[in-house]
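One structure is given below, encoded as structure tokens.
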Amino acid sequence: MQDILAKYQGQIIGINLNKPFRIDGAELLQVSAGHITLRCTEDGHLHHFPYASVLQLIEDASGVKVPHVFTHDDVFPLVVKVAHLSEYAPIV
């Protein structure tokens with residue numbers, strides 16, 4: 001997995017950063033032995049994901065098309081899908 005991701009280091013890739021079913025753009029900053037680091041193009045926050053949270057990699061030399069309902073479609077060279085944990089907070 002590290003070898004596949006390393007090919008796209010420094011590029012904008014698609015990833016479901018904040019919502020499980022929404023693919024957004026993020027710059028793949030670093031590919032290390034245990035995790036990847038991305039910068040969200042929307043808010044500039046850094047996100048670090050261990051490889052254990054990566055569920056799927058989708059790559060295509062001509063680009064992976066990500067359709068959107070109300071805006072233009074995005075095309076990324078790589079789409080990464082990561083697992084999201086559900087967080088529950090008690091009602092106070």
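Excluded from the calculations below are hydrogen atoms, water molecules and symmetry mates; all remaining heavy atoms, backbone and side chain alike, are included.
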Going hydrophobic residue to hydrophobic residue with side-chain gaps under 4.5 angstrom, can you get from Ile4 over to Val82?
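Result: yes, single cluster for both.
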Tell me, please, which residues at least two apart from Glu42 pass salt bridge (charged side-chain N to carboxylate O under 4.0 Å, His left out).
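Residues passing salt bridge (charged side-chain N to carboxylate O under 4.0 Å, His left out) with Glu42: none at all.
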Checking Asp74 now: which residues fulfil salt bridge (charged side-chain N to carboxylate O under 4.0 Å, His left out) with it, not counting sequence neighbours?
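Expected list: none.
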Can a donor-acceptor pair be found, under 3.5 Å and without considering hydrogens, that links the side chain of Gln9 to the backbone of Leu29?
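Judged by distance alone, yes, a pair lies under 3.5 Å.
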For the backbone of Gly25 and the side chain of Thr41, can you confirm whether one donor and one acceptor N or O come within less than 3.5 Å of each other?
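Yes: the side chain of Thr41 pairs with the backbone of Gly25.
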[X] and [Y]: which non-hydrogen atoms are nearest, and at how many Å?
X: Leu5; Y: Leu78; value: CD2-CD2, 3.7 Å
X: Leu17; Y: Ala26; value: CD1-CB, 3.9 Å
X: Lys7; Y: Gln11; value: O-NE2, 3.5 Å

Any pair with a residue in residues 18-28 that passes side-chain hydrogen bond (donor to acceptor under 3.5 Å, both in side chains), sequence neighbours left out, goes on the list, sorted by first then second residue, please.
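Every side-chain hydrogen bond (donor to acceptor under 3.5 Å, both in side chains) pair that includes a residue of residues 18-28, provided the two are not neighbours, is Arg22-Asp24.
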Would His84 and Asn16 count as a side chain to side chain contact (heavy atoms under 4.5 Å, CB included) if you check the C-alpha gap in whole Å, the side-chain angles of each, and the deciding distance to 0.1 Å?
CA-CA 9 Å; His84 286 264; Asn16 59 335; 3.6 Å; yes
Considering the options Val54, Val80, Ile36, which one meets the side chain to side chain contact (heavy atoms under 4.5 Å, CB included) requirement together with Met1?
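Going through Val54, Val80, Ile36 one by one, the side chain to side chain contact (heavy atoms under 4.5 Å, CB included) with Met1 is satisfied by Val54 alone.
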Identify every side-chain donor-acceptor pair in residues 44-52 under 3.5 Å, counting partners at least two apart or on other chains, and give the distances.
unit_1	atom_1	unit_2	atom_2	d
His45	ND1	Asp43	OD2	3.1
His48	ND1	Thr37	OG1	2.9
Tyr51	OH	Ser32	O	2.6

List in chain and number order the residues that pass side-chain hydrogen bond (donor to acceptor under 3.5 Å, both in side chains) with Thr71, two or more places apart in sequence or in another chain; answer none if no residue qualifies.
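With sequence neighbours excluded, Thr71 shows a side-chain hydrogen bond (donor to acceptor under 3.5 Å, both in side chains) to no residue whatsoever.
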Taking everything shown except Lys65 itself, do over 12 heavy atoms lie less than 6.0 Å from its NZ?
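No - once you tally the heavy atoms of other residues, nucleotides and ligands closer than 6.0 Å, there are 12 at most.
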Could you work out the complete set of other residues in the hydrophobic cluster of Ile58, with links drawn between I, L, V, M, F, W and Y side chains under 4.5 Å apart?
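Grouped by the 4.5 Å side-chain rule, Ile12, Ile23, Val64, Val66, Phe76, Val79 form the rest of the cluster around Ile58.
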